[in-house]
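This report concerns only the one structure given below.
Throughout, protein chains are lettered first and strands after them, A, B, ... in sequence-line order, and every chain is numbered starting at 1.
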Amino acid sequence: MNHPEWQDALDAYVSGQLDATAQDALSEHLKDCASCREEADALARIVSDAAALPRSIEPPPHVWWRLANALGTTSEDEPASTKVVGSLGSRFRFALAAAALVAVFGAATLIVPRHHDSTGGTSARAPSSENQPDVMVISDRAKPQPSDWARMIWALEEESLSTEKAVFAGLAGHVDAEALARASVVEPALDALDIAINETVDALRQEPQNPGLARALTGYYERKLELLRVAARLASGTWA
Amino acid sequence: MVSGRAPVLELEEKELITGLRSGDERALEGLYRLHAGRVYALGLRLTADPSRAEEIVQDVFLQVWRRIGSFEGRSRFSTWLYRLAVNRSLDTLRAGAGGRREQPEPEAVERAAPDNGLEMTMDLESAIATLPEGARVVFVLHDVEGYRHEEIARLNGIAPGTSKAQLFRARRLLRARLGRRKP
């Protein structure tokens, strides 16, 4: 910054807020001053990049489920259950990933999704081949309606988040260097579930009445939940 | 009520607002699908905290649900909504001034931002998140959202000159932090 007297003008210049006279003066200066020219170019790039940032970033899907729950349970105060658990931080993710390494590669066959009916009970699951997604058998009498699916999905996600929190508390003091080193290998596997969840939520936005998508979403959440439980058992040393 | 069984995404905003006035939750969902991304982006950039941004989205749409009666339709609904979002975000920052949460790692903001394949975008998002709060708020409102200094000053309870000074500071800090970017 060799010419501080021009700095305010540079700011107005890159914002397009400099009057014609001042702009002419600055333009003359920029012809002869490489450092101010470089400064102007850099500032102009920041301004144009900022203006080009995406105006919309989709919030995580649980934000809507919590909002819907809040609307259904209260009209004034936000219930405790709608408080955002929040991101748990990279340390937890790494610790969880380390525990999940064994879960994914050593105990995958033990991850058996549970399925709930609309009343919170457990329903039977139809036989499925290895190449076909699991299909929940739902009697006509118990067939969930869209609002039921929303509640089921929200409940599963709540349980998943609270389990993550519990696992975090359990792992926080027990993560060794070796586990952390393994984390980078497993992190994508955990992220894959979240990606599948987000993509299914996006599809549900397009087809909110599609029960197949709702079933798939509950299945993904249940798998994530089971994985978290396995991780918790591994961390606590209770895995047989 | 929202008419028939049409998916909420197919309804016009005007119909959704009418539905909302009559207490139809599906109308709120439709408006959420239309505008939550913008509210979240605003909250995320102003607070640099994904958890706070989620709370802001929830609170803003709860306000929309409860206060739709105060929307007189003189301005666009989106203008009214984003003003609620800005005010809620600034309230969050003011409330946090006395018991500030731990500043999130830049990684947390990167993870919350969309993966659009542009390293430039991610770098700028991360750099914005590291700005001091006052500079960040003014930069986001002015250079990202397009507010004028006079309006930013009114919203923040500061002088327009202070807003300009904060913008000056923010741009120089960003320039220093983005200095190694490829052209």
Side-chain angles (χ1 to χ4, degrees), chain A residues 1 7-8 10-12 14-15 17 38-39 41-60 62-72 74-78 82-91 93 146-147 150 191 194-195 205-210, chain B residues 5 7-9 25-26 28-29 32-33 35-45 49-55 57-59 61-62 65-66 104-105 107-108 111-114 116 120-121 123-125 127-128 139-140 142-146 164 167-168 170-172 174-175 178-179 181 183:
Chain A
M1 188 182 295
Q7 292 303 308
D8 283 338
L10 282 177
D11 249 43
V14 298
S15 296
Q17 297 167 351
E38 183 184 352
E39 177 89 356
D41 289 344
L43 292 175
R45 188 171 166 207
I46 288 171
V47 171
S48 64
D49 286 354
L53 284 174
R55 304 302 290 269
S56 178
I57 300 174
E58 282 304 305
H62 59 248
V63 178
W64 166 253
W65 301 121
R66 289 189 178 119
L67 176 61
N69 180 67
L71 290 172
T74 179
S75 60
E76 290 299 328
D77 298 320
E78 184 183 7
T82 68
K83 294 290 184 187
V84 175
V85 175
S87 56
L88 297 176
S90 58
R91 186 180 176 196
R93 292 287 293 175
S147 57
D191 287 344
D194 287 333
I195 290 169
R205 284 180 188 148
Q206 303 302 316
E207 298 180 63
Q209 309 296 327
N210 187 327
Chain B
R5 298 177 61 82
V8 289
L9 288 170
E25 288 186 23
R26 289 181 60 221
L28 183 68
E29 181 177 1
Y32 180 92
R33 301 304 175 205
H35 298 290
R38 179 87 188 274
V39 173
Y40 182 66
L42 182 66
L44 182 63
R45 289 180 179 132
D49 184 337
S51 296
R52 283 182 169 184
E54 290 178 14
E55 291 173 356
V57 172
Q58 291 182 85
D59 288 352
F61 280 91
L62 281 173
W65 174 253
R66 293 167 187 161
E105 300 170 21
E107 177 196 357
R111 290 174 65 92
N116 59 8
M120 171 276 291
T121 299
D123 284 347
L124 183 56
E125 292 279 18
I128 292 171
F139 180 82
V140 169
H142 189 279
D143 280 3
V144 180
E145 296 294 329
K164 290 178 183 175
L167 182 64
F168 183 99
R171 287 174 174 172
R172 266 61 182 186
L174 288 173
R175 196 205 161 187
L178 298 170
R181 287 193 303 170

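Residue B/His35: no heavy atom, backbone or side chain, is found under 4.5 Å from chain A.
Using a 4.0 Å cut-off between charged nitrogen and carboxylate oxygen, A/Arg66 and B/Glu55 do not count as a salt-bridge pair.
Heavy-atom minimum distance, B/Tyr32 versus A/Leu67: CD1-CD2, 3.9 Å. Here the closest non-hydrogen pair linking A/Asp11 and B/Phe168 is OD2-CA, 3.3 Å.
Residues B/Leu42 and A/Arg55 fail the side-chain proximity criterion, which asks for heavy atoms closer than 4.5 Å. In this structure, the side chains of B/Phe61 and A/Val63 stay at 4.5 Å or more apart for every pair of heavy atoms. The closest side-chain heavy-atom distance from B/Ile128 to A/Leu53 is below 4.5 Å.
Between A/Ile57 atom CD1 and B/Arg45 atom CZ the span is 4.5 Å, to the nearest 0.5 Å. Note that CG of A/Leu10 and CZ of B/Arg171 are 10.5 Å apart. Values are rounded to the nearest 0.5 Å.
Ranked by heavy-atom pairs shorter than 4.5 Å toward chain B, the options A/Ala51, A/Ala12, A/Pro60 are led by A/Pro60.
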